[in-house]
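Below: one structure, written as structure tokens.
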Amino acid sequence: MRKKKSYAGLIIVPLLIIVLYIIFAARRLTTEFHLTPSWTMEVQNTELSPGEEAELIPYKFKDCYGYFTADGKLVSKIDYDFKAAISTDYSTSYGMDSKAFRVYSTNQNVVCYVKEAGFPYFSQDRIYVRLPGGTSIAQYDNKGEQIFLHESYSTITALASSKGGTACGYADGTVIVFDKHGVIQQNFIPGGSEVNVIYGIALSDDGKTAAYITGLDKQRLVVSTVENNLPKVIYYEYFDQDLTRESLVKFNGNLVYYNYKGGLGILNLDKKKSYKYELDGIITQVEFTADNKVAFVLSKNGDEYTITMLEPYNHFAGKFSFQTETAFIQVRNNDLFVGRNNKISKLTISRK
């Protein structure tokens with residue numbers, strides 16, 4: 001009887017393996033991720049073409065900036081000597097001693113004239129100026145009129161903007177969130193660390209929730225909102241090691257992406273659960289496909305840049321690296337645009 005049981009087991013196990021193989025082989029479990037090169041343009045050697053009605057995509061290198069189209073037309077190229085600011089809607093260049101600046105549209109028409117000294121910052125169609133000294137921030141409308149001005153004694157170390165308002169982090173650890181009219185919604189020091197300082201900040205689209213990297217010696221990610229007209233911390237987590245530089249924090253719906261020392265963190269606010277993906281270097285950008293199914297992470301480690309592709313939340317889909325002085329990425333629909341050393345390339349995203 002024992003021998004019969006043994007033989008039965010020897011027969012059943014292989015049969016199970018064969019059946020499972022047939023079941024899973026019959027259905028394709030995964031598809032491969034593909035990036036197909038479409039075109040490459042060298043900005044300095046490309047003739048300008050009118051953008052017509054196409055969506056214009058911003059680019060910026062160390063000596064020029066402008067806009068291009070998804071089909072490879074270079075619409076504008078503006079050289080600059082000192083600094084430049086550009087967004088999907090506006091651009092400008094300015095000098096170290098500029099007392100005012102012009103705001104230009106994507107087609108290089110003058111939108112307005114801002115009579116304020118400082119460092120312009122654009123977020124889509126929102127216009128800001130960080131005033132000399134680094135402790136004050138002002139926002140302007142598209143007529144050059146001031147929406148609000150906030151002055152502080154502490155240096156602004158992090159700045160973010162969304163359709164719902166503005167968020168600032170300061171060297172003394174203060175977090176201030178303004179609504180779209182410049183009215184303060186949150187103003188407090190979250191604390192929790194030996195040294196209070198804000199290294200990165202982001203604001204949700206509705207302007208109600210802020211996420212930020214705060215502190216040294218027990219550094220942490222903190223997320224706060226407003227309840228009964230008072231700031232309320234709804235999530236926090238401590239890190240094993242501290243970052244001592246400006247850190248990326250970005251909202252994408254109910255997800256918060258953030259750079260901690262050692263990689264990329266992804267917080268699901270609905271579940272109050274974070275996921276980690278190890279990455280070397282400094283994360284400079286995180287961009288998403290239109291369906292939010294793929295995140296592209298641009299990181300810098302010395303002179304090497306790496307683009308890592310992740311599927312929700314932290315499933316590795318691929319990566320590639322290249323040597324360059326400066327780089328950027330843009331994503332439109334299912335197209336990835338990579339800029340490096342005055343060259344822009346289009347890669348089409350697909351699964352096969």
[X] side chain to [Y] side chain, donor-acceptor N/O pair below 3.5 angstrom:
X      : Y      : result
Tyr153 : Thr135 : no
Asn252 : Asn292 : yes
Asn107 : Ser105 : no
Glu116 : Tyr140 : yes
Tyr128 : Ser161 : yes
Ser193 : Gln219 : no
Ser247 : Asn259 : no
Ser87  : Asp89  : no
Thr284 : Tyr305 : no
Glu42  : Gln44  : no

Rounded to the nearest 0.5 Å, what separates atom [atom1] in [X] from atom [atom2] in [Y]?
X      : Y      : atom1 : atom2 : answer
Phe68  : Ser49  : CZ    : OG    : 13.5 Å
Tyr67  : Lys60  : OH    : NZ    : 11.5 Å
Lys346 : Leu35  : NZ    : CG    : 12.5 Å
Asp335 : Asp71  : CG    : CG    : 10.5 Å
Phe119 : Ile137 : CZ    : CD1   : 11.5 Å
Gln185 : Asn229 : CD    : CG    : 8.0 Å

Note to self: Does Tyr65 form a side chain to side chain contact (heavy atoms under 4.5 Å, CB included) with Asp79? I'd like the steps, not just the answer.
What the structure shows: CA-CA 7 Å; Tyr65 65 92; Asp79 297 322; over 6 Å; no
Determine whether [X] and [Y] make a side-chain contact, defined as any pair of heavy atoms from C-beta on separated by less than 4.5 Å.
X      : Y      : result
Val256 : Ile266 : no
Ser224 : Gln186 : yes
Gln139 : Arg126 : yes
Tyr59  : Ile86  : no
Ile344 : Val338 : no
Val249 : Ile201 : no
Thr209 : Val223 : yes
Ile57  : Thr69  : no

Could you check whether any side-chain N or O of [X] sits under 3.5 Å from a backbone N or O of [Y], counting only pairs where one atom can act as donor and the other as acceptor?
X      : Y      : value
Thr289 : Asn334 : no
Asp179 : Val183 : yes
Asn228 : Leu230 : no
Lys272 : Leu269 : yes
Asp242 : Asp217 : yes
Ser98  : Ala100 : no
Asn301 : Glu304 : no
Lys300 : Gly281 : no
Gln285 : Ile329 : yes
Thr306 : Ser299 : no

Margin query: Could you walk me through whether Gln108 and Ile78 satisfy the side chain to side chain contact (heavy atoms under 4.5 Å, CB included) test, starting with their C-alpha distance in whole Å, then the side-chain angles of each, then the deciding distance to 0.1 Å, before giving a yes or no?
Written below: CA-CA 10 Å; Gln108 293 306 296; Ile78 300 95; 3.6 Å; yes
Just checking [X]: does its [atom1] atom have more than 12 heavy atoms from other residues, nucleotides or ligands closer to it than 6.0 angstrom?
X      : atom1 : result
Asn254 : CG    : yes
Lys293 : NZ    : no
Lys180 : NZ    : no
Asp81  : CG    : no
Arg102 : CZ    : no

Item checked: Asp97 bridged to Lys99 by N-O distance under 4.0 Å -> no
Notebook entry, point to check: With the threshold set at 4.0 Å, does a side-chain nitrogen-carboxylate oxygen contact exist between Lys62 and Glu325?
Noted result: yes
Nearest heavy atoms of [X] and [Y], plus distance in Å:
X      : Y      : answer
Val177 : Ala210 : CG2-CB, 3.9 Å
Pro190 : Tyr212 : CG-CE1, 3.6 Å
Ala171 : Ser154 : N-OG, 3.4 Å
Val331 : Glu287 : CG2-CB, 3.7 Å
Phe322 : Arg340 : CE1-CB, 3.9 Å

Margin query: Assess the residue pair Tyr170 and Ser152 against the criterion (side chain to side chain contact (heavy atoms under 4.5 Å, CB included)); give the C-alpha distance rounded to whole Å, side-chain angles, the decisive distance to 0.1 Å, and a yes or no.
Written below: CA-CA 9 Å; Tyr170 292 83; Ser152 175; 3.7 Å; yes
Next item on the list: Determine, step by step, whether Tyr104 and Phe122 satisfy the ring pair (Phe, Tyr, Trp, His ring centres under 6.0 Å) criterion, reporting the C-alpha distance in whole Å, the side-chain angles of both residues, the deciding distance to 0.1 Å, and the verdict.
Entry: CA-CA 11 Å; Tyr104 294 91; Phe122 302 135; 9.8 Å; no
Next item on the list: With sequence neighbours excluded, tell me which residues meet side-chain contact (heavy atoms from CB on, under 4.5 Å) with Glu237.
Entry: Leu221, Tyr235, Phe239, Tyr258, Ser274, Lys276
Between [X] and [Y], is there a shared hydrophobic cluster once you connect ILVMFWY residues whose side-chain heavy atoms come closer than 4.5 Å?
X      : Y      : result
Val195 : Ile213 : yes
Phe288 : Leu310 : yes
Tyr275 : Val297 : yes

Notebook entry, point to check: Between Phe148 and Phe178, does the ring centre distance come in under 6.0 Å?
Noted result: yes
Note to self: Can you confirm whether or not the ring centre of Tyr80 sits under 6.0 Å from the ring centre of Tyr94?
What the structure shows: no
Next item on the list: With side chain to side chain contact (heavy atoms under 4.5 Å, CB included) as the test, would you mind laying out the steps for Ile282 and Arg245 before giving the verdict?
Entry: CA-CA 9 Å; Ile282 302 168; Arg245 54 166 171 77; 3.4 Å; yes
Next item on the list: Identify whether NZ of Lys or CZ of Arg in Arg220 sits under 6.0 Å from the centre of the six-membered ring of Tyr236 and within 45° of that ring's axis.
Entry: yes
